Amino acid sequence: MYTELNSILNTSPESFTKGDFILLSDKQSDASFLIHHFLSFYLRAKCKVCFLAMVQSFSHYSTVSQRLGVSLAQAKEKGQLVFLEGLQESLSILIPQDEHTGSQAMNFLRDPKLGLQDLYEFVSSKVKRSCGGEAESEEWGPPVLLVDDLSVLLTLGVTVGAVLDFSHYCQATICSKLQGNMVMLVRCDQEEDEGDNESPACLLKGLTHQSSLTLDVQGLPTGYCRDIHGQVEVCWQRRQGDGQNTQNKLFQYKVHDKGASFFARGTSSAVL
Amino acid sequence: MAAPMERVIKQQTERSTFKTTSFQKKTRSKLLSIPGTRPSVQNGQLLVSSGVTSLDFLLGGGLAVGTVLLIEEDRYDSYSRVILKYFLAEGVVCRHRLFVAAAQENPDDILQELPAPILDDVAIPKPVEQPRLPCESQESLDSMKIAWRYQNLPKVQTALVSSSRFGHYYDVSKTMEPEIRQAAKSHCFYLPDHPQKTSNTHSQFLGPYSALLKSLQEVIRQEGFEVAASMSNSQNPNVLRIGLHSLGSALWGDDLCCSDSPEHRHSLVTFLYGLRALLRSSLAVAVITLPSHLIQDRALMGNITRLSDYSIALESFKGSERETNPLYRDYHGLLHVRQVPHLNCLASQLPDHKDLAFKLKRKQFSIEGSMSVQGRTSAVWLCPSP
C-alpha cells in the first residue's frame, strides 16, 4: 500500500470507514496500480478479501504484491483471500470440453444476455461463508470485494444495465448488510459517442452515483511526461462521518518499482 | 545472513506450488533456458526476439513469453506482413515451433516467403590429421603452394549460429533456403479447411474464431507448451510462435470491417480474451495483424488494443502525399507504439520518443525517432542497437 495515498484518504489499515464503495476509473491511462494498493491495504487490515481478477493472471498480482510486502499465496492458503482468475475459468467455457470443470461464475460468456447473476451468486457465497459463524473464520474482519476490471465485462458483451445490477446487488449485500467495502475499476476511452448507451462512460456515470468515493486517474493534459505519470482526482460523494464537507482533491503521481508517490500539482521532485 | 536466505527459499517453494502461468520470477533454482530467449533486465521475464532488433529495443528488450503483439496493418498490408515474416523467420532460426493461421492465402505460402537469415562465418576446426609423409602425393592437391602459412588454420564455412545470439538480421531480397525452413516444425491453420460448425457445443460468441481457438489449444496441449507440463517434464522446453494474419478482416467471416454496427461485434474481443487466457499459461508468443484502418468504430479499436499486450500501428507513406514530402524522404512510414504492458511490475516502460519512423532496408528494418525543429529538416537520432 502507498503511505501517501493513505494520508490523502485519511485511512489506515487499523481504522478505515466500513460500508464504502470505492470506484476507480481511468481515461487513457492505467489505474491498475490503485488496485494493487487496495489489495495490499485490505489484506494488511486483516479483512476477508474476494478478488475477481478478469484481466491478468494470479502470478502477476502475486509478484507485484510481493514487492508491496504482502504474500497472496499465503493469504490464499490461510483462507483470507478468495481469488477468481477469470482468464483460466473462461477457457473451459470458450472451448467446450466434455467434462465441465471450473466454477459457474463465468457463465456470462456462454450468453451475455443472461447477465451477471452467476457471478453475483459466486461472490455472495464466498463472502457469506465468512460470516456464517464458523469458528476459524472469525479472526478476519469485514468482507471486501475487489473487481479488476468491470469494463472488460462490457467488451465481452454484457450490457451496462446488467453490470449496474450486479454492482447494486453486491453493494446491498456487502456494504449495507455485512458492513464491508467494495472497490471496482472501470476503464474508459477518451473518444466516446454521446448517444451510445453501451459505453463505459455510461457505466461510469451510473457507478459514480452509487459510490461513496471515486478516484479518477487521467493522463496529464499537456501530454506524456516521464517523471509525472498522470493526475488523480479524489472525490468524496457522501459527507464524512462527522458531517464535514470534504472538497475534491487533485494530485499528481508517479509509479515506481515498489510503490507510487503522490504530490500536489507542480511539486514533483523532477520539477523543483 | 543465513536466516533471510531461509525465508527466501521458503517463499520460493510456496510460490512454486501455485504457479500455473508463464510469468515466472527467475529464481536460481529453476531457470528455463530455452534457445532464443533471454531474461529481461527490468523484471526478469523471459523474452523472445520479434525478429526486428529495433522493435525489440522499443518494446523493452523483446516480446515477453505469454503475450500478444498486435500490429495494426498499413493500408496495403505490406510492412505488417514483413514484420510477421521476420517474426516467423526468427522462430525458424532459433528452432522454435511455429503456428501460422491465415484466411486469405495458404499459410504454407507465407512460410515459403520467409526472408533469408544473414549467416555468420563460423570457423569449423579441421579434424586432427596424421603427419604428412613426403612420399605421399595425393595431398599435393590439398596443400597450399602460395598461401602455405594458412594451411593449418581451421576451415571456415557459413553456418547458422542460432542459439548463442538474441535477434538476427535478415536479407529481404532473398528467401530462406528450404533446408533451413524445414528444420523448424510448423503447424498451419487455413480457414477454408475448417468449415464452421453450427453445433450448439461451440460458444456462440466466438463465431468464426472458435475453430482457431480450439486448434491453438490442441497444439499447445499436445506439443507440451503448457508451463506446468514443461516444468515437470524437464525435457527441452521450447517456445511456440503464433502468427495470425489479418484477423478481423472479412475473409475470416467477421463483419467488423464491413459495417458500422457489426453483428459479430464481440467475436474478436472474446477470441482475444481466450487467446490471452491460453497464452498466460503456456510458453507461447502471438503476433496478430489487424486491418484497423477498415474498422470505423474507435471504441472497438480501443477494446481490441486493451485486450492485447503490445500494440503498434504502422502507417506507410505509399500512395499518400507524404511520399514526396522532403521531411519524410528517408523513410517508408510512421510507427506508433500504442501500448506496452507492465506485467509483474507496477510501472510500464513506454519508449521516450513518440515520433517514430521506419525504413525497410535490404538487411535491416530500422526504426528511428525523428523530430522536426520548427518545420525545418530534422535532427534524427537512432535507437541504439542492443
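What you are looking at is a predicted structure, and each value in this text was computed from that prediction instead of being measured. In what follows, chains are A, B, ... by sequence order, proteins preceding strands, each numbered from 1.
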**OP:** Tell me, with the steps shown, if A:L39 and A:M1 meet side chain to side chain contact (heavy atoms under 4.5 Å, CB included).
**Re:** CA-CA 8 Å; A:L39 179 61; A:M1 61 182 183; over 6 Å; no
Subject >> Interface residue of largest heavy-atom contact number with chain A, from B:L300, B:D297, B:L278, under 4.5 Å >> reply: B:L278
Subject >> Between CD on residue B:E72 and CZ on residue B:R338, distance to nearest 0.5 Å >> reply: 4.5 Å
Subject >> Atom group of A:K258 that falls short of 4.5 Å from chain B, counting heavy atoms >> reply: backbone
**OP:** Name the region of A:S65, side chain, backbone, both or neither, that has any atom closer than 4.5 Å to a heavy atom of chain B.
**Re:** neither
Original post:
What part of A:T155 gets closer than 4.5 Å to chain B, counting heavy atoms only: side chain, backbone, both or neither?
Top reply: both
Original post:
Side chain, backbone, both or neither: which part of A:V55 has an atom under 4.5 Å from a heavy atom of chain B?
Top reply: both
Original post:
Counting N and O atoms only, with roles assigned by atom type, does the side chain of B:Q217 sit under 3.5 Å from a partner on the main chain of A:I95, one being a donor and the other an acceptor?
Top reply: no
Original post:
Of the listed residues (A:L68, A:L91, A:L72), which shares the most heavy-atom pairs with chain B below a 4.5 Å separation?
Top reply: A:L91
Subject >> Distance (rounded to the nearest 0.5 Å) between B:L307 CG and B:L275 CG >> reply: 10.0 Å
**OP:** For the pair A:R187 and A:D30, find out whether any cationic side-chain nitrogen is under 4.0 Å from an anionic carboxylate oxygen.
**Re:** yes
